[in-house]
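All remarks here apply to the structure that follows.
Everything numeric in this text was worked out from a predicted model, so none of it was measured. In each ligand, atom 1 is the first atom listed, and ligand 1 is the first ligand listed. Keep in mind that the numbers below use all heavy atoms, side chains included, and drop hydrogens, waters and symmetry copies.
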Amino acid sequence: MNRLILKKITAFVLIWGMMVSLAGCGSRKHKSYTTLRVGVITYTQNDAFINALTDCLKTELKSMETAHMKIIVSIRSADDDQEDQDEVAAEMIDAGCDILCVNLVDRTAPSKIIRNARDNDIPVIFFNREPVMDDLMQWDKLYYVGCDAKQSGEMQGEIAADYINEHPEVDRNRDGKIQYILLEGEAGHQDAISRTDSSVKTLISKDITLEKLSYQFADWNRGQAENRMTQLISQYGNSIEMVISNNDEMALGAVEAYKKAGYPEEEWPVIFGIDGLKDALEAVEAGTMQGTVYNDKEDQAREMAKLAVDIFKETDIESHDLSLGRYYVSPYQKVDESSVEKFLKPRQ
Ligand code: BGC
Ligand code: CA
């Protein structure tokens with residue numbers, strides 16, 4: 001073989017080798033770029049707290065995107081129907097989602113979602129509406145992010161008791177008892193049952209004598225609570241001295257009812273909620289509500305986002321410090337006139 005031919009062959013082999021290695025780089029680059037698809041299904045689209053929480057979740061997930069990982073978040077609601085939610089979950093799994101975040105409609109009926117997720121190996125983070133433990137323990141890729149409802153009831157009871165002790169005029173008719181109404185969230189919801197129970201027990205343990213006028217379910221909803229309260233105001237007149245509400249939206253419904261009934265503010269009862277949503281914080285600042293308990297949506301959203309990413313990347317989730325390896329419990333915080341300012345500032 002003469003020299004010239006040898007040179008040509010060498011050059012060809014070199015160029016071909018470079019092309020192959022370039023193509024190799026290209027495909028390696030393609031492989032190192034992953035997409036995490038998170039499917040979020042809420043129980044309804046009409047719940048102020050849940051909407052605020054899912055907004056935070058979306059922001060948190062987006063902030064965790066990197067050059068190597070794109071995160072696509074799809075949020076749908078179940079219109080208060082468990083069968084609808086089962087179907088939406090199935091559609092999301094079929095469409096290729098990697099992790100599901102589920103806010104159950106009926107917390108006692110997660111079986112279909114769990115079965116489908118397990119068959120397709122899609123981990124599920126339940127949030128806010130807590131499945132019973134037996135269900136959560138069915139498979140090791142099921143998690144729960146929420147709060148300890150009892151703690152929120154106790155804090156609400158403490159804020160209310162402290163307020164009454166400092167303001168004896170709450171007992172407007174001076175009979176030594178506080179005539180009260182309790183607005184309850186939703187029959188069967190872990191937060192409703194536990195908040196009602198622990199709030200009342202805490203007030204009693206702090207030596208407040210209570211007289212129950214009425215307990216009313218209003219489905220966590222401002223409009224429904226306003227209707228119930230309007231009716232109760234016409235029944236009891238100005239003898240209602242306190243309204244304890246399982247959440248802020250219903251407490252704000254009570255505020256609305258008093259505004260519309262045209263009572264002067266000195267004749268309003270004291271009103272306490274739970275959640276610390278913006279409207280309620282403003283009501284505490286304005287003095288139309290006397291307190292609330294902060295349900296830390298930012299913390300819950302951050303934990304859900306981190307958990308989703310770590311599960312997806314198959315990172316060890318030890319650092320999440322989950323109780324029983326499954327549960328993340330976000331702490332509540334008391335909010336009253338003296339602390340409301342710090343909660344009104346934009347939070348991280
Ligand atoms: C919140 C309520 C909300 C409910 C929905 C509770 O934790 O305090 O505002 O309506 O969750 O499940
Ligand atoms: Ca009284």
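Between Lys141 and Asp121 there is a salt bridge, since a side-chain N of the basic residue sits under 4.0 Å from a carboxylate O of the acidic one. Between Lys62 and Glu65 there is a salt bridge, since at least one side-chain N of the basic residue sits less than 4.0 Å from a carboxylate O of the acidic one.
When heavy-atom distances to ligand 1 are checked against a 4.0 Å cut-off, Asn295 comes that close only through its side chain, counted from C-beta outward.
The shell of residues lying under 4.0 angstrom from ligand 1, judged by heavy atoms, includes Arg195. A heavy-atom separation below 4.0 Å is not found between Glu249 and ligand 1.
The cationic group of Arg129 lies under 6.0 Å from the six-membered ring centre of Tyr43 and within 45° of the ring axis, placing it in a cation-pi geometry. The cationic group of Lys212 lies under 6.0 Å from the six-membered ring centre of Tyr215 and within 45° of the ring axis, placing it in a cation-pi geometry.
Looking only at protein heavy atoms, the nearest one to atom 9 (O) of ligand 1 is Asp275 OD2, 2.6 Å. Of the protein's heavy atoms, Asp191 OD2, 2.6 Å lies nearest to atom 7 (O) of ligand 1. If you check which protein heavy atom lies closest to atom 10 (O) of ligand 1, you get Asp47 OD2, 2.5 Å. The single protein non-hydrogen atom nearest to atom 11 (O) of ligand 1 is Asn128 ND2, 2.9 Å, given as residue, atom name and distance.
Gln156 places a side-chain N or O within 3.5 Å of a backbone atom of Phe272 that can act as its donor or acceptor partner. With Arg326 contributing its side chain and Leu136 its backbone, the two residues share a donor-acceptor pair below 3.5 Å. Between the Asp219 side chain and the Glu186 main chain, no donor and acceptor come within less than 3.5 Å of each other. Judged purely by atom type and a 3.5 angstrom limit, Asp248 uses its side chain to pair as donor or acceptor with the backbone of Ile274.
Taking any N or O of Asn246, backbone or side chain, none lies under 3.5 Å from an N or O belonging to ligand 1.
Listed by number with element, the atoms of ligand 1 under 4.0 Å from a non-hydrogen atom of Phe49 are 1 (C), 9 (O). Interface of His189 with ligand 1, defined as ligand atoms under 4.0 Å from a residue heavy atom, comprises 4 (C), 5 (C), 11 (O), 12 (O).
A tilted orientation is assigned to the rings of Tyr258 and Trp268, their planes being inclined by 30° to 60°.
The heavy-atom pair separating Gly188 from Arg107 by the smallest distance is O-NE, 3.0 Å.
Protein contacts to the Ca ion (ligand 2) involving N, O or S atoms at a distance below 3.0 Å are Asp171 OD1, Asn173 OD1, Asp175 OD1, Lys177 O, Gln179 OE1, Glu241 OE1, Glu241 OE2.
To the nearest 0.5 Å, atom CD1 of residue Ile113 and atom CD of residue Glu87 are 11.0 Å apart.
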